[in-house]
Amino acid sequence: MDVLRIRGGNALHGEVFVGGAKNACLPLLAATLLTDEPCVLRNVPDLSDSRFMLEILRHQGALVEPLGANAWRVTAGTLQPKTPYELVRKMRASICVMGALVARLKRAEIPLPGGCVIGQRPIDLHVKGLRKLGCTIENRAGMMRIDASRARGAYVFLGGRYGSTVTGTANLVMAATLTPGVTRIDSAACEPEIGDLCRMLVKMGAKISGVGSPTLLVEGVEKLSGCEHVVIPDRIEAGTHLLCGAITRGDVTVRGAVTEHLGAFLDKLDEAGVPIETLSPTAVRVRGDLVKDFRPIDIVTLPHPGFPTDLQAQFTALLALVPGISIVTERIYPNRFMHVPELLRMGADIAIEGPSAIVKGVPALSGAPVMASDLRASAALVLAGLAASGETWVQRIYHLDRGYEKFERRLAALGADVARLRQEDMPSELRSEA
Ligand code: EPU
């Protein structure tokens, strides 16, 4: 197993180019199953999650061919309806193939994914949506058997207790594209990744209106065709790199992003006293070196365009060093605070009160061996390590590899002292045996 060794204290300087969005590319890859014609996807990030999704497409029967760096052609000729538990268990987002299989084959057999470390993560809204379309769904031994032979367009309200659902919206839109009649989805997710999916589906011949809004109208068509599509930039990767500039008091410019997708996040950086320059619609610069006084702030995570839960852990790492008391409230995953006990090991002062973290800023963090528990928590620990004195060893970084392409190389290019090593290279007294 690999670990990251970070020797903190270097201010990061320079430019980073953002890659394709993981959370856009997974449903986009699933959408290639909607047609038997070839689809070409470009700007696919080279991440373990994307590779895993390609494996699932192969498993369903698609021909998957690389087209050079970050591009893939998928031709989904004859498909099979069953997705095994082994695959869905390893990556929850594989549930995205459900909508495409239902649309194309009128049936699917897919396991219920179960919970994960960031929360319960039920899929009741996905199921409700498909039932509203007239699908029958039987659950046998954890396996959903879906029959969509009598499905028709319908009205679906897709809001739940935590707001809209991103992959639920993706599944329902995909299912509706080839379902006769008009489907109206209210309380649809407005995340940019859903907009990107709808744009690809429209290129394939789907009839969708209201893209980007909470009301989507999908008129079923008989057939979809192949297309070529470029995955949108990863707003979470962009935000994480900007935080690297802020937390190290450096000067980092992120290019190739869509700054419009970062509204709530940039607003909070500004409120926290971090100077930001929006250089163009695709470039933003953070001047950690010009910070006079950091200010404590309150953050509440919400569905887009609210503050994204996927940047909560990383921002909490910054707030751990902001004098005063900040309050971070999770409205999407009320228990998504696994990074907190690890930050405490580094000297942070944070208390969890229900869905909120009360963060009392400390003057400095100190390096420690820490354990990554999920993707964004891992990124938070890396950020803390960059700002801490001494050495931080981040273990179980396979979580990080799910969502950040060549993270340590990009950080090193900005001046960080970071190395990917084998766990055996860690001083034995620091190692936690997994
Ligand atoms: N929810 C339900 N019922 C459902 C579906 C969701 O109650 O049927 C709840 C969830 O438990 C959660 C909230 O609704 O409390 C939002 O869940 P959502 O369905 O929107 O999440 P998701 O689609 O499973 C995607 C991203 C996550 C990101 C969330 C929220 C992908 C592949 N994953 O998950 O990304 O946190 O939206 O924005 O798009 C990450 O990248 O680290 C990550 C976890």
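Values reported hereafter were calculated over all heavy atoms of this structure, with side chains retained and with hydrogens, waters and symmetry mates removed. All residue numbers refer to positions in the sequence shown, counting from 1. We count ligands from 1, going down the list as the structure has it; atoms in each ligand are counted the same way.
Shortest contact from atom 5 (C) of ligand 1 to any protein heavy atom: Pro122 O, 3.2 Å. From the protein, the heavy atom lying nearest to atom 21 (O) of ligand 1 is Tyr333 OH, 3.1 Å. Counting only heavy atoms of the protein, atom 43 (C) of ligand 1 lies nearest to Asp310 OD1, 3.4 Å. At the top of the distance list for atom 24 (O) of ligand 1, counting protein heavy atoms only, stands Arg121 NH2, 3.1 Å. Among protein heavy atoms, the minimum distance from atom 44 (C) of ligand 1 is reached at Arg336 NH2, 3.5 Å. If you check which protein heavy atom lies closest to atom 26 (C) of ligand 1, you get Asn23 ND2, 3.5 Å. Protein heavy atom nearest atom 19 (O) of ligand 1, with residue, atom name and distance: Thr165 OG1, 2.6 Å. Leu125 N, 2.7 Å is the protein heavy atom nearest to atom 8 (O) of ligand 1.
Between the side chains of Thr253 and Glu15, no donor-acceptor pair is found at a separation under 3.5 Å. With no hydrogens or angles considered, no side-chain donor-acceptor pair links Glu109 and Thr83 at under 3.5 Å. Side chain to side chain, Ser373 and Arg396 fail the donor-acceptor criterion of an N or O pair below 3.5 Å.
The aromatic rings of Phe265 and Phe315 lie perpendicular to each other, with more than 60° between the two planes, well past the 30° mark.
Electrostatic pairing of Lys268 and Glu271 counts as a salt bridge here, judged by a charged N lying under 4.0 Å from a carboxylate O.
The distance from ligand 1 to the heavy atoms of Ile123 drops below 4.0 Å at these ligand atoms: 4 (C), 8 (O).
Residue Leu26 places no N or O, backbone or side chain, under 3.5 Å from any N or O of ligand 1. The shortest N/O to N/O separation between Tyr162 and ligand 1 does not fall below 3.5 Å. Remark: ligand 1 and Ile332 share an N or O pair separated by less than 3.5 Å (distance only, no angle test).
In this structure the side chain of Thr215 reaches within 4.5 angstrom of the side chain of Arg184, judged on heavy atoms.
Taking CZ from Arg376 and CG from Leu311, the interatomic distance works out to 7.5 Å, rounded to the nearest 0.5 Å.
Contacts of Lys22 with ligand 1, taken as heavy-atom pairs under 4.0 Å, involve the side chain alone. The proximity of Leu375 to ligand 1, defined as any non-hydrogen pair under 4.0 Å, is limited to the side chain.
The shell of residues lying under 4.0 angstrom from ligand 1, judged by heavy atoms, excludes Glu193. The shortest separation from a heavy atom of Pro27 to ligand 1 is not under 4.0 Å, leaving the residue out of contact. Contact annotation: His399 has no heavy atom less than 4.0 Å from any atom of ligand 1.
Put simply, the side chain of Arg131 gets close to the backbone of Ile137: a donor and an acceptor are under 3.5 Å apart.
Under the 6.0 Å cut-off for aromatic ring centres, Phe407 and His241 qualify, their centroids lying closer than that.
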